[in-house]
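First the structure, then my questions, so here it is.
All values reported here derive from a predicted model rather than from experimental measurement. Every heavy atom of this structure was used, including side-chain atoms; hydrogens, water molecules and symmetry mates were not. One-based numbering along the sequence shown.
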Amino acid sequence: VQLQAFGGGLVQAGGSLRLSCAASGRTFSSYGMGWFRQAPGKEREFVAAISWRGGSAYYADSVKGRFTISRDNAKNTVYLQMNSLKPEDTAVYYCAAGPSYMSTLESDYEYWGQGTLVTVSS
């Protein structure tokens with residue numbers, strides 16, 4: 001599976017962005033998908049995950065209620081809708097494909113996209 005994330009950019013605090021992650025390969029629907037982020041000078045951290053059918057999702061406490069992960073298996077795409085953005089959301093966001101169940105652990109994910117930069121100005 002090859003993943004390509006896009007949709008990042010510069011946005012003011014309180015604004016919204018939607019990230020997309022397009023996957024190649026016919027087995028996309030068998031993978032759970034996750035979003036992670038890495039802020040400057042910090043470790044990469046879990047943001048959100050969705051199960052292989054999209055019936056279940058899990059979020060980091062820092063984004064719960066503001067971000068929504070979703071997927072369209074017919075389009076081989078996973079999305080991250082980000083609302084009420086804060087300066088501390090500034091990071092490179094990565095999508096990843098892993099086990100069919102949801103996981104918050106980087107080590108569970110087998111395939112990674114190249115990352116897309118989100119910058120939130122105050």
Residues in side-chain contact (heavy atoms from CB on, under 4.5 Å) with Ser56, at least two apart?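 Checked Ser56 against side-chain contact (heavy atoms from CB on, under 4.5 Å); matches are Ser51, Met102.
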
Can you list every pair that meets ring pair (Phe, Tyr, Trp, His ring centres under 6.0 Å) and has a residue in residues 103-122, with sequence neighbours left out?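 For residues 103-122, and leaving out neighbouring residues, the ring pair (Phe, Tyr, Trp, His ring centres under 6.0 Å) pairs sorted by first residue read Tyr31-Tyr111, Phe36-Tyr109, Phe36-Trp112.
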
Side-chain donor-acceptor contacts of residues 40-49 below 3.5 Å, not counting sequence neighbours, with atom names and distances?
unit_1: Arg44; atom_1: NE; unit_2: Glu106; atom_2: OE1; d: 3.1
unit_1: Arg44; atom_1: NH2; unit_2: Glu106; atom_2: OE1; d: 3.1
unit_1: Glu45; atom_1: OE2; unit_2: Arg37; atom_2: NE; d: 2.7
unit_1: Glu45; atom_1: OE2; unit_2: Arg37; atom_2: NH2; d: 3.2

According to the disulfide (SG to SG under 2.5 Å) rule, which pairs have a member within residues 67-122, sequence neighbours left out?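 For residues 67-122, and leaving out neighbouring residues, the disulfide (SG to SG under 2.5 Å) pairs sorted by first residue read Cys21-Cys95.
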
Are Val11 and Val63 connected into the same hydrophobic cluster when the rule is that any two of I, L, V, M, F, W, Y join if their side-chain heavy atoms are below 4.5 Å apart?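 Same hydrophobic cluster.
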
To check you understand the geometry: which heavy-atom pair defines the closest contact between Ser103 and Leu105, and what is its length?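 Here Ser103 and Leu105 meet closest at OG-N, 3.1 Å.
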
Any salt bridge (charged side-chain N to carboxylate O under 4.0 Å, His left out) involving residues 48-66? Give me the pairs, sequence neighbours left out, ordered by first then second residue.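 For residues 48-66, and leaving out neighbouring residues, the salt bridge (charged side-chain N to carboxylate O under 4.0 Å, His left out) pairs sorted by first residue read Asp61-Lys64, Arg66-Asp89.
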
Can you tell if the side chain of Tyr93 reaches within under 4.5 Å of the side chain of Met82, non-hydrogen atoms only?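 Tyr93 vs Met82: side chains touch.
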
Is there a donor-acceptor pair closer than 3.5 Å between any side-chain N or O of Thr77 and the backbone N or O of Lys75?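 The answer is yes, because a donor-acceptor pair under 3.5 Å joins these two groups.
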
Can Tyr94 be reached from Val118 by stepping across I, L, V, M, F, W or Y side chains whose heavy atoms are under 4.5 Å apart?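 Val118 and Tyr94: separate clusters.
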
May I ask whether Tyr79 and Val1 are part of the same hydrophobic cluster, defined by side-chain heavy atoms of I, L, V, M, F, W, Y residues being less than 4.5 angstrom apart, directly or through others?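 Different clusters.
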
Atom CD of Glu88 with >12 non-hydrogen neighbours under 6.0 angstrom: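 More than 12 heavy atoms, drawn from other residues, nucleotides or ligands, come within 6.0 Å of this atom.
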
Partners of Thr68 by side-chain contact (heavy atoms from CB on, under 4.5 Å), sequence neighbours excluded?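 Partners of Thr68 under the side-chain contact (heavy atoms from CB on, under 4.5 Å) test: Tyr59, Gln81.
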
Ser16: side chain to side chain donor-acceptor pair (under 3.5 Å) partners, not counting sequence neighbours: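 For Ser16 the side chain to side chain donor-acceptor pair (under 3.5 Å) partners, ignoring immediate neighbours, are Asn83.
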
Which heavy-atom pair separates Val78 from Met33 by the least distance, and what is that distance?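 In this case the closest contact between Val78 and Met33 is CG1-CE, 3.8 Å.
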
Decide side chain to side chain contact (heavy atoms under 4.5 Å, CB included) for Leu19 and Phe67; before the verdict, give the C-alpha distance in whole Å, the side-chain angles of both, and the deciding distance to 0.1 Å. CA-CA 11 Å; Leu19 304 183; Phe67 290 12; over 6 Å; no

Thr90 and Val120: which non-hydrogen atoms are nearest, and at how many Å?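 Thr90 and Val120 have their closest heavy atoms at OG1-N, 2.9 Å.
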
List for me each residue that meets salt bridge (Lys or Arg N to Asp or Glu O under 4.0 Å) alongside Glu110, sequence neighbours excluded, and say none if there are none.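 Checked Glu110 against salt bridge (Lys or Arg N to Asp or Glu O under 4.0 Å); zero matches.
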
Honestly curious: do Leu17 and Ile69 fall in one hydrophobic cluster under the side-chain, below-4.5 Å linking rule?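 Both belong to a single hydrophobic cluster.
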
Apart from Leu10 itself, what residues make up its hydrophobic cluster, given side-chain heavy atom links below 4.5 Å?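 Grouped by the 4.5 Å side-chain rule, Leu10 forms a cluster of one, so the answer is none.
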
Which atom of Trp35 lies closest to which atom of Ser20, heavy atoms considered: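 Looking at all heavy atoms of both residues, the shortest contact is CH2-O, 3.7 Å.
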
Who are the side-chain contact (heavy atoms from CB on, under 4.5 Å) partners of Asn73, not counting sequence neighbours?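 Checked Asn73 against side-chain contact (heavy atoms from CB on, under 4.5 Å); matches are Phe28, Ser29, Arg71.
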
Please identify each residue that fulfils side chain to side chain donor-acceptor pair (under 3.5 Å) with Thr116, with sequence neighbours left out.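 Thr116 satisfies side chain to side chain donor-acceptor pair (under 3.5 Å) with no residue once adjacent residues are dropped.
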
Applying disulfide (SG to SG under 2.5 Å) as the test, list every pair that has at least one member in residues 30-81; sequence neighbours left out.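 Non-adjacent pairs meeting disulfide (SG to SG under 2.5 Å): zero.
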
Minimum heavy-atom separation for Pro87 to Ala13, with atom names?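 Heavy atoms only, the tightest pair is CD-CB, 4.1 Å.
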
